[in-house]
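Just so it is clear, the model here is predicted, and its values are computed rather than measured. Lettering of chains follows the sequences in order, A, B, ..., and the numbering in each one begins at 1.
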Amino acid sequence: MDVSHLLNQLNDKQRQAVSGPLSHMLVLAGAGSGKTRVLIHRIAWLVQVEQASPFSILAVTFTNKAAGEMRGRAESLLNMPAAGLWLGTFHGISHRLLRTHWKEAGLPQNFQILDSQDQQRLVKRVIKTLELDEAQWPAKQATWFINSQKEEGKRPQHIADNGDPFTRQMVRIYSAYEQSCQQQGVIDFAELLLRTLETLKKDANLLAHYHQRFQHILVDEFQDTNGIQYALLRLLAGKKAFVFAVGDDDQSIYGWRGAKIEHIQQFSQHFTNAEVVRLEQNYRSTGNILEAANTLIANNEGRLGKELWTDAGNGEKINRYIAFDERDEARFVVSRVQQWVEQGGSRSECAILYRSNAQSRTFEEQLIARAMPYRVYGGLRFFERAEIKDALAYMRLISHRDDNASFERAVNQPTRGIGERTMDSVRDIAKALNCSLWQAAQKCIDQNSLSARAHSALKGFMLLVESIAQKVEGMPLDEKVAAMLDATQLKEAYNKEGAEKSQTRKENLDELATAAKTFEYDSDNADYEGMSPLDAFLSHAVLESGESQADAWEDAVQLMTLHTAKGLEFPLVFLVGLEEGLFPHQMSIDEPGRLEEERRLCYVGMTRAREKLIISHAESRRLYGRSDNYCLPSRFLDELPKELLEDIRPPRQTFNTQYDAYRQAPVAKKSIADSSQPFNIGQSVSHAKFGEGVVLNMEGSGDHARVEVNFESEGSKWLVIAYANLQAV
DNA sequence: ATATAGAATCTTTTT
DNA sequence: GATTCTATAT
């Protein structure tokens with residue numbers, strides 16, 4: 001068979017990985033070295049050259065987005081639908097296994113999945129039930145404890161407290177939480193993996209079946225696997241399957257979530273005779289950017305060692321801008337984006353990357369002020385919005401009356417007079433009888449043990465759920481959603497919230513019906529085989545929290561955290577807020593391990609840039625509303641080679657004498673000097689309404705020429721010269 | 001039972 | 001600064 005189409009677009013190393021023999025393989029792939037490409041080509045190679053059946057291949061990624069992208073690219077390379085190929089996240093694959101083998105796993109057939117919000121709420125409930133002081137035992141900490149234990153594969157009985165009262169209490173909470181989950185038939189994200197692992201371990205027949213099936217296992221982003229994922233991988237691989245892992249230890253940025261770089265280092269021990277291939281040729285960034293990134297990451301210890309190179313030439317130097325404060329930083333960044341666009345670039349080619357979400361606001365303000373479209377990634381996802389969760393709670397109750405989290409959520413939304421008091425007595429009964437809230441509520445009604453008012457309200461609620469369940473039977477998914485919204489009057493409940501907010505809520509609820517329709521329409525999705533459409537949709541809502549329904553495409557500036565940016569690339573990248581305490585973050589500064597992770601984060605950020613990288617930091621910054629935070633430049637700046645950096649200083653004078661000396665260095669004033677502008681930087685002017693001020697900056701020419709003026713009373717503003725009628729003072 | 005005002009708390013994010 | 005939880009008043 002002619003295999004040239006699989007190999008001829010690859011370099012030597014890539015080819016070596018793709019066409020390697022049937023054995024274990026570890027591909028250490030640097031940023032921008034074509035790692036996804038190699039993974040996809042390997043799948044095609046296995047199918048077309050090694051004659052492997054797609055049924056015998058399992059490919060694991062870390063996000064649903066990556067999984068979808070990979071399936072698409074694999075199918076186009078194979079030139080056929082990759083039916084039978086298992087491709088998904090660890091969680092998605094575990095979910096599929098548990099749905100098929102719910103009996104063996106000891107779960108109810110229609111078990112529901114808790115998202116992290118639901119999980120924390122349940123932990124909180126449990127702490128209350130155990131009559132512990134919530135201030136002393138925060139739900140957040142307990143949830144973290146439970147998840148990290150599960151990620152180590154540990155059940156309460158496996159944890160030795162060694163007489164430590166803290167651990168003992170945590171184990172108590174873990175244990176009670178577990179009981180509560182089992183009783184309600186719900187499982188959290190970590191449980192999805194742990195339960196799968198345990199089920200396969202104890203059922204030899206089941207394991208043998210999957211050993212038989214999966215001959216080839218491919219793992220993307222291998223550096224991000226946590227303990228339980230790695231254990232699952234080893235178990236599934238058994239002695240016979242070949243594991244093909246792709247990863248980059250320098251891009252491991254999820255240690256705080258339990259990911260362990262050690263897994264890369266252990267790979268060759270656990271998977272014997274593994275071949276190791278390094279991909280070091282970078283096809284993304286210019287030489288200068290790579291050299292700077294290499295120099296930075298060299299400060300980390302215990303690396304596997306890798307040096308990126310390119311034959312694309314040096315490119316421009318990395319620019320650095322020292323801003324006065326965060327507003328100045330944003331102003332600078334946005335003006336450079338504007339410049340980029342004026343020179344023929346598009347906005348979507350520009351990315352503003354920051355350490356923490358809170359930093360986005362200043363940039364947004366500045367972008368709005370200049371009427372420049374932008375898109376912020378991250379934040380609340382579609383299926384995490386309150387109104388969507390309310391609606392889904394009803395849908396879950398229809399399918400699964402014993403789901404306490406949904407009961408709690410739906411019972412008084414919209415408000416129908418069932419408050420804490422009533423719920424407390426229902427909870428007491430549930431606790432006493434060890435049953436679900438729904439069953440307990442049923443008992444309350446039967447025994448007539450509530451006040452007349454609460455009695456009728458609770459009965460009304462239960463009848464409502466029953467009647468919706470009845471009415472909705474046999475309907476297509478989207479009509480079910482619509483009927484539920486109609487019966488519950490959820491939309492009307494948001495009316496009193498204020499026009500704008502309630503409007504978006506209603507739109508979101510409409511969008512939910514649309515999402516249901518699209519989901520049912522294209523649910524040839526093998527992951528949800530054998531489930532009712534409603535249950536499939538509900539699982540989908542939890543497992544894929546909805547980043548896929550991106551906004552209508554618009555040419556917009558991209559704003560996101562460094563974590564979100566992993567795997568992406570942009571021609572122009574701004575790396576902002578490089579200050580000690582912010583990046584590296586204060587909470588990571590004292591621990592060497594965490595500091596190295598911050599450095600990797602910086603490395604990830606820098607290597608997103610294709611053509612131009614601009615780094616900025618501010619001398620003072622408003623943080624948490626407190627104003628006078630004077631910031632030192634980040635240590636990462638000192639770790640970059642001086643000769644690759646070029647300082648950009650603002651062509652302007654400031655009032656701030658403290659920094660005047662710093663800024664007196666000669667600057668290129670070309671943007672002002674080349675046009676016959678009526679004003680000069682630093683000149684005093686007066687405006688009819690805003691009073692007197694000083695010109696800080698200018699841009700544009702002719703009718704569009706604008707000046708930035710710092711007014712004594714109003715602060716700084718951008719004005720169009722043609723309209724502002726400024727007078728020189 | 002609910003509305004509203006003060007207090008507390010702030011990384012990073014997928015599943 | 002902005003959100004989210006807690007205590008208090010209605």
From CG of A/Asp220 over to P of B/dT15, roughly how many Å is that when rounded to an integer? 13 Å

Integer-rounded Å distance: B/dT15 P and A/Gln117 CD: 15 Å

So, do A/His585 and A/Trp256 have ring centers that fall under 6.0 Å from each other? no

Pair A/Glu579, A/Ser634 - check side-chain hydrogen bond (donor to acceptor under 3.5 Å, both in side chains), show working. CA-CA 4 Å; A/Glu579 294 136 39; A/Ser634 168; over 6 Å; no

Is there aromatic stacking of A/His585 on B/dT11 here, judged by a ring-centre distance under 5.5 Å and a plane angle under 30°? yes

Under 3.5 Å, side-chain donor or acceptor atoms of residues 420-427 of chain A against the rest of the protein: list the pairs with distances, not counting sequence neighbours.
residue  : atom : partner  : partner atom : Å
A/Asp424 : OD1  : A/Arg427 : NH1          : 2.9
A/Ser425 : OG   : A/Thr422 : O            : 2.8
A/Arg427 : NE   : A/Glu408 : OE2          : 3.0
A/Arg427 : NH2  : A/Glu408 : OE1          : 2.9

Proximal nucleotide (of B/dT12, B/dT11, B/dT14) relative to the A/Arg381 side chain: B/dT14

Any base atoms under 4.0 Å from A/Glu597, or only sugar-phosphate, or nothing? Heavy atoms, all strands. nothing

Sequence neighbours left out, what passes side chain to side chain contact (heavy atoms under 4.5 Å, CB included) with A/Asp133? Give chain and number order. A/Ala135, A/Gln136

Just to be sure I understand the rule, does A/Tyr254 reach a base, reach only the sugar-phosphate, or reach nothing, if contact means heavy atoms closer than 4.0 Å? sugar-phosphate

Produce a footprint string for nucleotides 1-6 of chain C: one letter per nucleotide, 5' end first; B if the base is under 4.0 Å from any protein heavy atom, S if only the sugar-phosphate is, - if neither. BS---S

Interatomic distance where CD belongs to A/Glu579 and P belongs to B/dT11 [whole Å]: 17 Å

Does the ring of A/Trp256 meet both stacking tests against the six-membered base ring of B/dT12: centre distance under 5.5 Å and plane angle under 30°? yes

Between A/Leu562 and A/Met423, the residue closer to the 5' end of DNA chain B by nearest nucleotide is A/Met423

Side chain to side chain contact (heavy atoms under 4.5 Å, CB included) filter on A/Ala410, not counting sequence neighbours, yields A/Ala393, A/Tyr394, A/Leu397, A/Phe461

Using the test salt bridge (charged side-chain N to carboxylate O under 4.0 Å, His left out), find all partners of A/Glu639 that sit at least two apart in sequence or belong to another chain. A/Arg599

Measure up the A/Phe222 and A/His263 rings against each other and bin them: parallel (under 30°), tilted (30 to 60°), perpendicular (over 60°). tilted

Separation of the P atoms in B/dT13 and C/dT4, to the nearest angstrom: 16 Å

Check whether the side chain of A/Thr561 and the base of B/dT11 form a donor-acceptor pair under 3.5 Å. no

Rounded to whole Å, how long is the line connecting atom CG of A/Asp188 with atom C1' of B/dT14? 14 Å

Looking across every strand, which nucleic acid part, if any, lies under 4.0 Å from A/Asp224 by heavy atom: base, sugar-phosphate, or nothing? nothing

Atom-pair distance (CD on A/Gln359; P on B/dT12), nearest Å: 9 Å

Could you tell me whether the phosphate oxygens of B/dT15, OP1 or OP2, come under 4.0 Å of any side-chain nitrogen or oxygen in A/Asn64? yes

Please report the distance, rounded to the nearest Å, between OH in A/Tyr377 and P in B/dT14. 13 Å

Syn within 90° of 0, anti beyond: B/dT12 is anti

Would you say the ring centroid of A/His617 lies under 6.0 angstrom from that of A/Phe636? no

Could you tell me the separation between the NE2 atom of A/His91 and the C1' atom of B/dT13, rounded to a whole number of Å? 12 Å

Quick one: is A/Thr422 getting a side-chain N or O under 4.0 Å of the B/dA1 phosphate, OP1 or OP2? yes

Using a heavy-atom cut-off of 4.0 Å across all strands, would you classify A/Asp115 as base, sugar-phosphate, or nothing? nothing

What does A/Arg421 touch in the nucleic acid at a heavy-atom separation under 4.0 angstrom: a base, only the sugar-phosphate, or nothing? sugar-phosphate

Of the candidates B/dA1, B/dT13, B/dT11, the side chain of A/Arg257 sits closest to B/dT13

Counting only distance, no hydrogens or angles, is the base of B/dT11 paired donor-acceptor with the side chain of A/Arg355 under 3.5 Å? no

Quick one: salt bridge (charged side-chain N to carboxylate O under 4.0 Å, His left out) partners of A/Arg453, sequence neighbours excluded? none

Between C1' on B/dT12 and CG on A/Leu353, what's the gap in Å once rounded to a whole number? 13 Å

How is A/Ser588 classified with respect to the nucleic acid when contacts are heavy atoms under 4.0 Å: base, sugar-phosphate, or nothing? base

Contact list (N/O, under 3.5 angstrom) for nucleotides 2-4 of chain B vs protein:
residue : atom : partner  : partner atom : Å
B/dT2   : OP1  : A/Gly417 : N            : 3.4
B/dT2   : OP2  : A/Asn412 : ND2          : 2.8

Taking only side-chain N and O atoms of A/Asn357, does any of them lie within less than 4.0 angstrom of OP1 or OP2 on B/dC10? no

Can you list the residues that meet the side chain to side chain contact (heavy atoms under 4.5 Å, CB included) rule with A/Arg234, with sequence neighbours excluded? A/Tyr230, A/His270, A/Phe271

Holding to side chain to side chain contact (heavy atoms under 4.5 Å, CB included), I want the full list of residues that pass it with A/Ser539, two or more places apart in sequence or in another chain. A/His95, A/Arg99, A/Ile113, A/Tyr528, A/Met531

Reading DNA chain B from 5' onward, which residue's closest nucleotide shows up sooner: A/Val542 or A/Arg453? A/Arg453

